[in-house]
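What follows is a single structure, written as structure tokens, with notes after it.
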Amino acid sequence: MPDLIVIGGGIVGGAIAWGAARLGASVALLDEGDIAFRAARGNFGLVWVQSKGAGLPPYAHWSRRSSELWPGLAGSLQERTGIDTGLRQPGGFMFCLSDEEYESRASVVQRMHNESGDIGTRMMDRAEVRAMVPGLGDRVVGAAFCPIDGHASPLYLLRALHTDGQASGVAYHPNCKVDAIDAAPNDFTVRSGADRFSAPRVVIAAGLGSRDLAPMVGLNMPVTPLQGQIIVTERLPRFLDYVTHVTRQTEEGTVMVGDSQEDAGFDILTKVSTLSHIAARNIQIFPALAAATIVRTWAALRVMSPDGFPIYEQSERYPGAFAATCHSGVTLAGAHALALAPAIMRGELPSELAAFSAQRFGS
Ligand SMILES: Cc1cc2nc3c(=O)[nH]c(=O)nc-3n(C[C@H](O)[C@H](O)[C@H](O)COP(=O)(O)OP(=O)(O)OC[C@H]3O[C@@H](n4cnc5c(N)ncnc54)[C@H](O)[C@@H]3O)c2cc1C
């Protein structure tokens, strides 16, 4: 019998399974497979801190902690698998294209500073930004800059977590859609068709699939989809050493662009109108992108709680069952692997995670 069952082999479940296996636990990692909605395979790859947690300081602190843990995670994965997750933390910009945007961003920066402390985020005027980022368009009036923002390759991260996890005690079961869980305190039997898996602990980290599974263990994970669309250009000579919340140049040289947020249900089709809007705004920031060839576009679904903040909770009715979901699974991979997984294996979530209980949504 494994020590732990993790349902969902995306970035959240993969990081928790890896973190538990690293501590010596045997883990069964069950994943529905390619027919599921999988945000882990369609996201932007930011390890982003500056705008995380306005109105909820514990989320700001958790995001910062994760960004601090990320280098250890990346280093460990590279040492053990040879896979470079591409982590770079050069600092990130949120560009403003009007005075109104600048004022509005400045007030968020100030508010987050007052609520959650100083992480070095500050507003920069046009001249200061231009000195750091050449080639900016005339519409850019300034930016917020945070020195700890960064990015990574989400696909290499996922591959490294799975590769090292499976070398360290994770039994991965793809094409294994969980359809029922028989629950008793510290005693769970998870069913997938005719297959049965039993363990004293279970984590529900099934992204958009979590909503249906959580009530089976006395938890509430009212997540819904929020569509995002992404454009990828051909490989370009390096022009962007920093990241922005809507633009990043990958290690290979392609430029990823995208910031759409649309309630489109479970639709993962791209729309020309949305892509045009994304492209137009980014060309205003980096005019040279107008000449770049687009090689790929896609849409994927974020996993959103009602207030956009993560949900972490242990079931009161069935201790040993845990919920884990968020809409920033890349950013939070460090914390999930190196802080949340150990807490789950200890059987108790730390008080710093109390703010993330789904009880904040009522029953
Ligand atoms: C367009 C876009 C851009 C994004 N950009 C960023 C970013 O820049 N930085 C960042 O930090 N985050 C970003 N995200 C969010 C990030 O991708 C998600 O937070 C993360 O992927 C969530 O991971 P997850 O493991 O919870 O869900 P998923 O990655 O969706 O994985 C859930 C897994 O559960 C499995 N599953 C579902 N139901 C069942 C079941 N019944 N039984 C077994 N398995 C099941 C599925 O097969 C799937 O593999 C972005 C998301 C999108 C869509």
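Both ligands and their constituent atoms are indexed starting at 1 by order of listing. Values in this document were obtained by computation on a predicted structure and should not be read as measured data.
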Can you tell me which residue and heavy atom of the protein come closest to atom 28 (P) of ligand 1, and the distance to 0.1 Å?
-> A39 N, 3.6 Å
A student comparing H327, R41, R38, E32 should find that the heavy atom closest to atom 38 (N) of ligand 1 comes from E32
To the nearest 0.5 Å, what is the distance between CD (Q359) and CD (E313)?
-> 4.5 Å
Nearest protein heavy atom with distance in Å, relative to atom 21 (O) of ligand 1 = A40 N, 3.0 Å
Closest to atom 41 (N) of ligand 1 among protein heavy atoms sits V178 O, 3.1 Å
So which heavy atom in the protein is nearest atom 11 (O) of ligand 1, and how far is it from that ligand atom?
-> T331 N, 2.8 Å
Per-atom contacts, ligand 1 versus A300 - under 4.0 Å to a heavy atom = 53 (C)
A144 to V109 - nearest heavy-atom pair and separation | CB-CG2, 4.0 Å
Against heavy atoms of S328, which atoms of ligand 1 measure under 4.0 Å?
-> 10 (C), 11 (O), 12 (N), 19 (O)
Contact check, S260 vs ligand 1, heavy-atom distance below 4.0 Å | no
Is there any ring-ring contact (aromatic ring centres under 6.0 Å, His included) pair reaching into residues 214-237, and which pairs are they, with sequence neighbours excluded?
-> none
For the student: nearest non-hydrogen atoms of A15 and A333, plus distance | CB-O, 4.1 Å
Hey, does L226 come in under 3.5 Å of ligand 1, counting only N/O atoms on both sides?
-> no
Atoms of ligand 1, numbered as shown, that sit under 4.0 Å from any heavy atom of G228 | 1 (C)
Just how far is it from atom CZ of R41 to atom CD1 of I11, taken to the nearest 0.5 Å?
-> 9.0 Å
To the nearest 0.5 Å, how far apart are CD1 in I231 and OG1 in T254?
-> 13.0 Å
When the ring planes of H245 and W48 are compared, do they come out parallel, tilted or perpendicular, using 30° and 60° as the limits?
-> tilted
Atoms in ligand 1 flagged as close to G33, the criterion being non-hydrogen separation under 4.0 Å | 47 (O)
G42 heavy atoms, cut-off 4.0 Å: which ligand 1 atoms fall inside?
-> 1 (C), 2 (C)
Atom indices of ligand 1 within 4.0 angstrom of L213 heavy atoms, with elements = 41 (N)
Considering only non-hydrogen protein atoms, determine which one is nearest to atom 8 (O) of ligand 1 and report residue, atom name and distance to 0.1 Å.
-> L46 N, 2.8 Å
Which heavy atom of the protein is the closest neighbour of atom 37 (C) of ligand 1, given with residue, atom name and distance?
-> A206 O, 3.2 Å
Per atom 16 (C) of ligand 1, closest listed option by heavy atom (C176, G329, G9) = G329
Among protein heavy atoms, which sits nearest to atom 5 (N) of ligand 1, and what does the distance come to when rounded to 0.1 Å?
-> F44 N, 3.1 Å
So the side chain to side chain donor-acceptor pair (under 3.5 Å) pairs with at least one residue in residues 192-213 (sequence neighbours excluded) are T189-S198
Do S153 and T250 come within less than 4.5 Å of each other through their side chains, counting heavy atoms only?
-> no
So, E115 and R111, do they make that salt bridge, N to O below 4.0 Å?
-> yes
Distance filter under 4.0 Å to G207 heavy atoms, resulting ligand 1 atoms = 26 (O), 27 (O), 32 (C)
State whether the shortest distance between N or O atoms of V303 and N or O atoms of ligand 1 falls below 3.5 angstrom.
-> no
In ligand 1, which numbered atoms sit nearer than 4.0 Å to a non-hydrogen atom of R302?
-> 51 (C), 52 (C), 53 (C)
Considering distance alone, does some N or O of N43 sit under 3.5 Å from an N or O of ligand 1?
-> yes
Just wondering, do V170 and W18 contact through their side chains at under 4.5 Å, heavy atoms?
-> no
The closest protein heavy-atom partner of atom 23 (O) of ligand 1 is V12 CG2, 3.5 Å
Mind telling me whether Y312 and F356 have parallel, tilted or perpendicular rings, with 30° and 60° as the class edges?
-> perpendicular
How about W62 and F309: are their ring centroids closer than 6.0 Å?
-> no
Region of L30 engaging ligand 1 - heavy atom pairs below 4.0 Å = backbone
Residues R88 and D84 bridged, charged N to O under 4.0 Å | yes
Nearest-option assignment for atom 49 (O) of ligand 1, heavy atoms, candidates L208, D31, I268 | D31
